[in-house]
Amino acid sequence: MEIDIGNALDSVATPGVSRATLERLDGRVADAHARIEAGLDGRDHGYAALALPETADPDAIQAAVDPIDCETLLVVGIGGSALGAATVADTLDLDIEVHTLDNVDPAHTRELLDSLDLSRTAIHVVSRSGTTAETLANFLVAREAMDAAGVDWTERTLVTTGQAGNLRNLAERHDLPALDVPTGVPGRFSALSTVALPAAALGGGDVEALLAGARSEAESLSGSLFETPAYAYGATSYALAQRGWRVNAMMPYAESLETFAEWFAQLWAESLGKEGVGQLPARALGATDQHSQLQLYRAGPRNAMVTLVRPRDRPDLPIPETDLEGLSYLGGASLGGLLDAEFEATEASLAAAGRPSIRVELERVDAHGLGELLYGMEAACILAGELFSIPTFEQPAVEWGKRAARGLLGGGEFEEARAVEEKTRLLID
Ligand SMILES: O=P(O)(O)OC[C@H]1O[C@H](O)[C@H](O)[C@@H](O)[C@@H]1O
């Protein structure tokens, strides 16, 4: 993964980051890196995620999925327990279909279950805590649908969960194959583990290459942002946020990375959005969103930086020659060439308007490249959290809402549920 922060400099963006600021920031990066390394060595909560390229066990994951024979995988989870698998499945060329059930919209759950041949479907139910209402509810519905279709769900269900909790009990009761969520790894940092890798392993994806890509980023971590692409991204995004660029539009120029932008949104928002700081992640896709959101990023409030991601090499498709006069410039070119030209044009157009962007380049969008990107963004996020001085691995705001919902559903006495009754109304109808 290569990072180009040139368009974040104050010679381009207003306000931008000066070279002197970067030099000063580098001292703080060195301190932050020392804390990260200590956390990593001690496998402390959160920091342990950065050890996954070493600690993940691809053989155990392969052994858990080997007995499962399926054409379709239904991943049942939410947040960090779903987005990693969705990203892996949408980015890699797998030989199974993967669907993610990460919402409890009844119409969607019904429609999805009705559309599947359940006798050829496997379920991977994932919950770190083993208590998340949405995940357990969807799983109960999916397993009943299998029962109703005469399919033995116990033969086709794999569980990933923590050491204790409802899901662990259920796995034990039905003797289901179960993988452990690695200790100390929060959901949004768990893509390179038993949480998301089973989807790749089941679909013939190259799990070793994913981990090797992650390992190459891990090896590049050092005490200087000038030598560490992930830290260059994290530190520059932090410095831009401090200068008022409070939106980070993640814009990959590769259709298969669209879900990666969704994964990034959870990582960035839930990790950094606390104590009044953070950056609002926006999900964009190049070139599609050049024709919609880009107007805002270039000419709206001066609060959005754009992260432009692209592979250096991609399979291409020639554009046929045409005798239509105005279109002759396209003939003989290729769709990949067009996409690259659009990427560079967008980058230049933002710079011309004094808006910052960061360029992220991968060699290819493949398992190795995805491993680099996932690990690189996790390390960038952890570094940014250190610079913001916030508890990166907690999510008290999300948990507040979970308690309120649980209280409403009669799942216990939760003070937060009272806020629902106290809602302020000003009705207009
Ligand atoms: O894996 P689970 O325990 O089911 O948690 C699923 C999700 O739940 C919460 O909302 C957390 O804020 C997320 O970070 C987490 O990924």
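Worth knowing before you read on, the calculation uses all heavy atoms, side chains too, and leaves out hydrogens, waters and symmetry mates. Whatever order the structure lists them in is the order used to number ligands and atoms, beginning at 1.
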_Pairing donors with acceptors under 3.5 angstrom, does anything connect the side chains of Q266 and E262?_
no
*Taking only residues two or more places apart in sequence or in another chain, which ones pass salt bridge (Lys or Arg N to Asp or Glu O under 4.0 Å) with R406?*
none
*Sort out the contact shell of ligand 1: every protein residue with a heavy-atom distance below 4.0 Å, listed by chain and number.*
I78, G79, G80, S81, S127, R128, S129, T132, R188, Q266, E270, Q395, V398, K402
_Centre-to-centre under 6.0 Å for Y231 and F226, is that the case here?_
no
_Residue pair T346 / S349, side-chain donor-acceptor N/O under 3.5 Å_ = no
*Would you please say whether a donor-acceptor pair under 3.5 Å links the side chains of D117 and S119?*
yes
*asked:* Could you check whether atom CD of E144 has more than 12 heavy atoms from other residues, nucleotides or ligands sitting under 6.0 Å from it?
replied: no
